[in-house]
Amino acid sequence: MNNFEFKNPTKIIFGKDAIEKLENEIPKDAKVLLLYGGGSIKKNGIYEQVKKGLTNYDIVEFGGIPANPEYAVLVDALKVIKEEKVTYLLAVGGGSVIDGTKFLSSAAVYEGETPWDILSKNIRTEKGMPFGTVLTLPATGSEMNSGAVITRKETKEKLAMGGPGLFPEFSILDPQVITSIPKRQLANGLTDAFTHVLEQYLTYPNDAVLQDRFAEGILQTIIEVTPKILKDPTDYKAASNFMWSCTMALNGLIQKGVPTDWAIHAMGHELTAIFGIDHARTLAIVAPSHYKFNFETKKEKLAQYGERVWNLREGNTNDKAHAAIEKTVAFFHELGIDTKLSDYTKDYEGTAEKIAQRFTDRGWLGLGEHQSLSPEKVEEILKMSY
Ligand code: NZQ
Ligand code: ZN
């Protein structure tokens, strides 16, 4: 096992009607900016629950943060923060609203020339404006981690940011919120969380026995709850296990002491930036080719995954590893998620070259757990994904 340090300061308030506990979490003298997305919270009752919790607070609101949070919209929210002298941010939404809020937390205290620097120059945030979240969509794990991904339509870029100052102070997780989520977004959430685990697990054997079991436990739980969630999102038992699995998949715990990959996300983010494809779907496009291309270096963990998660018993390491990739593709299809770029756009020619060039320009010359995935290899993987 590798050496590691682990600190996750986010307080999780989990369970039925947990939103009622909101009023205990924010300092009483705070000037609060309530941030939300395109309006789903106004249709499903979450907005009223949150407003009730904020009765005794001085609040302003900013709605309209789109999926794949857009820089230009966030710059408008930043103006509100400055004009209204906001001191506390509350994100009510999925990964996009929470990520947008993390950007604002950082930008509110940033003293450089333009807040875009935080993304383009990869500036880590040691201390941001304090914020909490009410999660409405289990998927990204953003409610308990310190990362964010921001999109800029103008330049078709999607860049990551983070730092120890960007953990939410608290996150409220009421599994009942999933009852209003459209099937397509539920499938996205399941796929995203599943792939988060794969990115931290499908590397090479590293004697981190417990981390492997954590990862396999999350994967097995997601597989187990998937048909129940898709059939009946009011199934609270399934919803609560789904929600907690998504959080645990990306709150830092399972990546401690182990090598991690994250090349699928790096490539996937570009597909969202160029084509606007949902984040989770880009992962399902890239993952199968990525595992086939890197088969030799990943086959031992692929076979372990096949045995322990998919119960594959036949054949040798190679057979099990190949079958594990097929099982993964079949799982995405079961969720109704297409796994080829051509399923989403006819305009895919040249995409691989374009993304490889972007990685070269950014100096991303060696991705993956061995830092060996050059832009040339990225190009090959993406061509296999057409
Ligand atoms: O905007 P509204 O109207 O609220 O509708 C949203 C949105 O259209 C809707 N929704 C959310 N909760 C709902 C609901 N509809 C009905 N009932 C509810 N309870 O769902 C749609 C998608 O929401 P979004 O927040 O975009 O989805 P998700 O949570 O999948 O977030 C995706 C974003 O997170 C980033 C992605 O790149 C993408 O930009 N990621 C963030 C990560 C992180 N911070 O750690 C890691 C991930 O790998 C990912 O990159
Ligand atoms: Zn993801």
Side-chain angles (χ1 to χ4, degrees), residues 10 19 35-47 49-50 62-71 73-74 91-103 105 133-153 157-163 166-168 171 173-200 233-234 239 242-243 246-247 249-252 255 260-273 276-284 286-287:
T10 302
I19 299 174
L35 294 137
Y36 57 94
S40 68
I41 64 164
K42 295 213 167 154
K43 294 184 201 130
N44 55 21
I46 296 174
Y47 177 78
Q49 291 176 60
V50 168
F62 187 93
I65 296 175
N68 305 312
E70 164 57 31
Y71 179 70
V73 175
L74 297 169
V92 183
S96 294
V97 173
I98 299 175
D99 281 11
T101 301
K102 288 178 179 173
F103 169 77
S105 161
T133 89
V134 175
L135 181 66
T136 67
L137 172 55
T140 63
S142 188
E143 66 278 8
M144 201 180 175
N145 69 40
S146 60
V149 199
I150 304 299
T151 296
R152 191 171 189 177
K153 268 201 197 128
E157 284 171 283
K158 179 163 180 164
L159 297 176
M161 56 178 285
L166 292 180
F167 284 96
S171 283
L173 277 58
D174 179 349
Q176 295 174 119
V177 298
I178 81 156
T179 50
S180 64
I181 300 174
K183 221 167 222 171
R184 162 194 161 135
Q185 297 298 345
L186 288 172
N188 284 352
L190 291 156
T191 301
D192 193 22
F194 196 85
T195 313
H196 290 161
V197 180
L198 297 184
E199 295 267 40
Q200 301 163 88
T234 66
F242 166 38
M243 194 173 229
C246 292
T247 304
L250 196 50
N251 67 358
Q255 73 177 18
T260 57
D261 182 346
W262 294 113
I264 297 169
H265 272 69
M267 291 182 259
H269 285 159
E270 298 304 322
L271 295 178
T272 302
I277 302 168
D278 291 351
H279 169 64
R281 287 162 202 260
T282 67
L283 308 177
V286 178

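Just so you know, ligand 1 is whichever comes first in the structure, and atom 1 is the first atom listed for that ligand.
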Sub-3.5 Å donor-acceptor pair from the side chain of Glu199 to the main-chain atoms of His265, do we have one?
yes

May I ask you to decide if Val149's main-chain N or O and Asp99's side chain share a donor-acceptor pair within less than 3.5 Å?
yes

So, the side chain of Lys102 versus the backbone of Met161: is there a donor-acceptor pair under 3.5 Å, distance only?
no

Should Pro69 be listed as contacting ligand 1, given a heavy-atom distance under 4.0 Å as the test?
yes

Quick test: of every protein heavy atom, which one is nearest to atom 45 (O) of ligand 1, and how far off is it to 0.1 Å?
Asn145 ND2, 2.9 Å

Counting from 1, what ligand 1 atoms have a heavy atom of His265 closer than 4.0 Å?
48 (O)

Verify atom 49 (C) of ligand 1: protein non-hydrogen atom under 4.0 angstrom away
yes

Test item: Thr247 side-chain N/O and Gly141 main-chain N/O as donor-acceptor pair under 3.5 Å:
no

What residue and heavy atom of the protein are closest to atom 15 (N) of ligand 1, and at what distance?
Ser40 CB, 3.6 Å

Sub-3.5 Å donor-acceptor pair from the side chain of Gln200 to the main-chain atoms of Ala249, do we have one?
yes

Distance-only N or O hit between ligand 1 and Ile65, under 3.5 Å:
no

With heavy atoms under 4.0 Å as the rule, classify the contact between Leu250 and ligand 1 as side chain, backbone, both or neither.
side chain

Spacing of CZ belonging to Arg281 relative to CG belonging to Leu283, to within rounding of 0.5 Å
11.0 Å

Does any N/O atom on Gly147 come nearer than 3.5 Å to any N/O atom on ligand 1?
yes

Smallest separation among heavy atoms of His196 and Trp262, with atom names
CD2-CZ3, 4.0 Å

Which label fits Tyr47 and Tyr36: parallel for a plane angle under 30°, tilted from 30 to 60°, or perpendicular past 60°?
perpendicular

Contact atoms of ligand 1, heavy-atom distance to Ala67 under 4.0 Å
26 (O)

What atoms of ligand 1 come within less than 4.0 Å of a heavy atom belonging to Ser142?
43 (C), 44 (N)

Determine the minimum heavy-atom distance between Pro69 and Leu74, stating which atoms define it.
CB-CD1, 4.2 Å

Pairs of nitrogen or oxygen atoms closer than 3.5 Å, one from Ile46 and one from ligand 1: do any exist?
no

Any side-chain donor-acceptor pair under 3.5 Å between Asn44 and Ser180?
yes

With heavy atoms of His269 as the reference, note each atom of ligand 1 found under 4.0 Å away.
37 (O), 50 (O)

Are any of the N/O atoms on Gly95, whether in the backbone or the side chain, positioned under 3.5 angstrom from an N/O atom of ligand 1?
yes

For ligand 1, note which part of Thr136 has a heavy atom under 4.0 Å away: side chain, backbone, both or neither.
both

Exercise: identify the closest heavy-atom pair between Lys158 and Glu270:
O-OE2, 4.5 Å

Tell me: protein heavy atom nearest atom 37 (O) of ligand 1, and distance?
Lys158 NZ, 2.7 Å

For atom 23 (O) of ligand 1, closest protein heavy-atom neighbour:
Leu137 CD2, 3.4 Å

Please state which protein non-hydrogen atom is closest to atom 17 (N) of ligand 1 and give its distance, to 0.1 Å?
Ser180 OG, 2.8 Å

Parallel, tilted or perpendicular: ring planes of Phe103 versus Tyr71, cut at 30 and 60 degrees
perpendicular

Of the side chain and backbone of Asp99, name the one, both, or neither that has a heavy atom under 4.0 Å from an atom of ligand 1.
side chain

Looking just at side-chain N and O atoms, do Thr10 and Glu143 make a donor-acceptor pair shorter than 3.5 Å?
no

Would Gly39 count as a contact of ligand 1 if the rule is a heavy atom under 4.0 Å away?
yes

Name the closest protein heavy atom to atom 42 (C) of ligand 1, giving the residue it belongs to and the distance to 0.1 Å.
Thr140 CB, 3.8 Å

Report the part of Asn44 in contact with ligand 1, treating N, CA, C, O as backbone and CB onward as side chain, heavy atoms under 4.0 Å; options are side chain, backbone, both, neither.
side chain

Minimum heavy-atom distance between Pro66 and Ser96, given as atom pair plus value:
O-CB, 3.6 Å

Touching ligand 1 at all, Val149? Heavy atoms, strictly under 4.0 Å?
yes

Exercise check, heavy-atom protein proximity under 4.0 Å to atom 28 (P) of ligand 1:
yes

Going by the 4.0 angstrom heavy-atom rule, the piece of Pro66 near ligand 1 is neither

Heavy-atom distances under 4.0 Å are what count here, so tell me which part of Lys43 touches ligand 1: side chain, backbone, both or neither.
neither

Got a donor-acceptor contact below 3.5 angstrom from the Thr151 side chain to the Glu70 backbone?
no

Element-labelled atoms of ligand 1 that are located less than 4.0 Å from some non-hydrogen atom of Val177:
19 (N)

Over all atoms of both residues, closest heavy-atom pair of Thr282 and Thr272
CG2-OG1, 3.3 Å

Under 4.0 Å to a heavy atom of Gly37 - the qualifying atoms of ligand 1, by number
1 (O)

Donor-acceptor pair, side chain of Thr195 and main chain of Thr191, under 3.5 angstrom
yes

Testing the 3.5 Å rule here: is there a donor-acceptor pair between the side chains of Thr234 and Thr179?
no

Looking only at heavy atoms, the pair that brings Ile181 and Thr136 closest together is CD1-O, 3.4 Å

Specify the protein heavy atom at minimum distance from atom 8 (O) of ligand 1: its residue, its atom name, and the distance to 0.1 Å.
Gln185 NE2, 4.5 Å

Spell out, as yes or no, whether a donor-acceptor pair under 3.5 Å connects the side chain of Asn251 to the backbone of Met144.
no

Shell check on the Zn ion (ligand 2): protein N, O or S atoms less than 2.8 Å away are Asp192 OD1, His196 NE2, His265 NE2, His279 NE2

N/O separation below 3.5 Å, Ser96 to ligand 1:
yes

Where on Pro182 is there a heavy atom closer than 4.0 Å to ligand 1, on the side chain, on the backbone, on both, or on neither?
side chain

Looking only at protein heavy atoms, what sits closest to atom 2 (P) of ligand 1 is Gly38 N, 3.3 Å

